*Asks:* 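The structure under discussion is supplied below as structure tokens; questions concerning it will follow.
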Amino acid sequence: MMPTVLWFILAFQFVPRVVASRRCLLFLFFQELFLCDALNALKINLADPNNVLQSWDPTLVNPCTWFHVTCNNENSVTQCDDLGNANLSGQLVPQLGQLYNLQYLELYSNNINGKIPEELGNLTDLVSLDLYLNGLNGPIPVTLGKLQKLRFLRLNNNFLSGTIPMVLTNVSTLQVLDLSNNKLVGDIPVNGSFSLFTLLSFQNNSLNKPPPAPPPPLIPAQKRSSG
Ligand SMILES: *[C@@H]1O[C@H](CO)[C@@H](O)[C@H](O)[C@H]1NC(C)=O
Ligand SMILES: *[C@@H]1O[C@H](CO)[C@@H](O)[C@H](O)[C@H]1NC(C)=O
Ligand SMILES: *[C@@H]1O[C@H](CO)[C@@H](O)[C@H](O)[C@H]1NC(C)=O
Ligand SMILES: *[C@@H]1O[C@H](CO)[C@@H](O)[C@H](O)[C@H]1NC(C)=O
Ligand SMILES: *[C@@H]1O[C@H](CO)[C@@H](O)[C@H](O)[C@H]1NC(C)=O
């Protein structure tokens, strides 16, 4: 008896999720409605002279049908793509942190100003965060250290201030980092994921010069006794 009931519940939960067509979205989860809120909040806060966000109609329940939004086959938003070079201006909103399946946030080369919302640290599936060439100010949120899948972090050419959060050294997936052309201060982390990056990633800030790297040992050092 119990196993049958359990099976039924599982089937009910999983089948609509996997086979859901876009029309079925209303039967899905609350989270999807939050997605609409988040995207619409972004739209309201960004001036959009080229109308690239025009299809982000909050009255359409499924954001997956909106232009510039990519979803996975479970109708969760994974990508807000092609919003680079779109001449968007305004501020990023905390609600962006509710797009919890987002993998790519590409808003580079616009006129976005204000702070980077610390809520972006909730986007734990994020692979790429590209906010370079905007007018962002304020600190790099420490919460970005929670992004344990992040491979690309490009925040260069903004007006970001404060220190580089040490937690970013713990993002072991990080492959590409560019923080150049900002107003960052303090030390450049050199350990963890940051051991990959050269000074090019940090140039034109007010960061402390790292100590010179010791020269590579060309001649093997004195043999130590095996004691
Ligand atoms: C971007 O917007 C500015 C004014 O806000 C305008 O001067 C400029 O021509 C626009 N650029 C493009 C490529 O639309
Ligand atoms: C998102 O992040 C903010 C600040 O980092 C936090 O206060 C909030 O509780 C988080 N929300 C969720 C749903 O995890
Ligand atoms: C990095 O991760 C290690 C191990 O989880 C932890 O002990 C350390 O405090 C973290 N460092 C920072 C700066 O958060
Ligand atoms: C240095 O970065 C600032 C932005 O913080 C920018 O305005 C300036 O043009 C950059 N300087 C150079 C030489 O690239
Ligand atoms: C890098 O060093 C800092 C202290 O200097 C430490 O807090 C952090 O956890 C280290 N990161 C890794 C990945 O070991």
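Atoms within a ligand are numbered from 1 in the order they appear, just like the ligands themselves. What you see is a predicted model, and the numbers here were worked out from it, not measured in a lab.
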*Asks:* So which heavy atom on Asn182 is nearest to which on Phe159, and how close?
*Replies:*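 What the structure gives for the nearest pair is OD1-N, 3.3 Å.
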*Asks:* Could you pull out every protein residue that has a heavy atom closer than 4.0 Å to ligand 5, ordered by chain and then number?
*Replies:*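 Residues within 4.0 Å of ligand 5: Met166, Thr169, Asn170, Asn191, Gly192.
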*Asks:* Verify whether one side chain among Asn181 and Asn156 offers a donor that lies under 3.5 Å from an acceptor in the other.
*Replies:*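 The answer is no; no qualifying pair exists.
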*Asks:* What is the minimum heavy-atom distance between Pro141 and Ile116, and which atoms define it?
*Replies:*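 Scanning both residues completely, I find the closest heavy atoms to be CG-O, 3.4 Å.
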*Asks:* Could you tell me, atom by atom, which parts of ligand 2 come under 4.0 Å of a heavy atom of Thr143?
*Replies:*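 It comes down to these atoms of ligand 2: 5 (O).
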*Asks:* State, to 0.1 Å, how close Tyr132 and Asn158 come at their nearest heavy-atom pair, and which atoms those are.
*Replies:*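 Scanning both residues completely, I find the closest heavy atoms to be CA-ND2, 3.9 Å.
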*Asks:* Side-chain atoms of residues 120-127: list all donor-acceptor pairs with protein atoms under 3.5 Å, sequence neighbours left out, distances to 0.1 Å.
*Replies:*
unit_1 : atom_1 : unit_2 : atom_2 : d
Asn122 : OD1    : Lys146 : NZ     : 3.1
Asp125 : OD1    : Lys149 : NZ     : 2.6

*Asks:* In sequence, state the C-alpha distance, the side-chain angles, and the governing distance for Leu207 and Val185, and then conclude on side-chain contact (heavy atoms from CB on, under 4.5 Å).
*Replies:* CA-CA 4 Å; Leu207 293 158; Val185 298; 5.6 Å; no
*Asks:* If you measure every N/O of Lys146 against every N/O of ligand 2, is any gap under 3.5 Å?
*Replies:*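 No, no N or O pair falls under 3.5 Å.
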*Asks:* I'd like to check Asp187 versus Thr163 (side-chain heavy atoms, cut-off strictly below 4.5 Å). Are they in contact?
*Replies:*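 Sidechains of Thr163 and Asp187: no contact.
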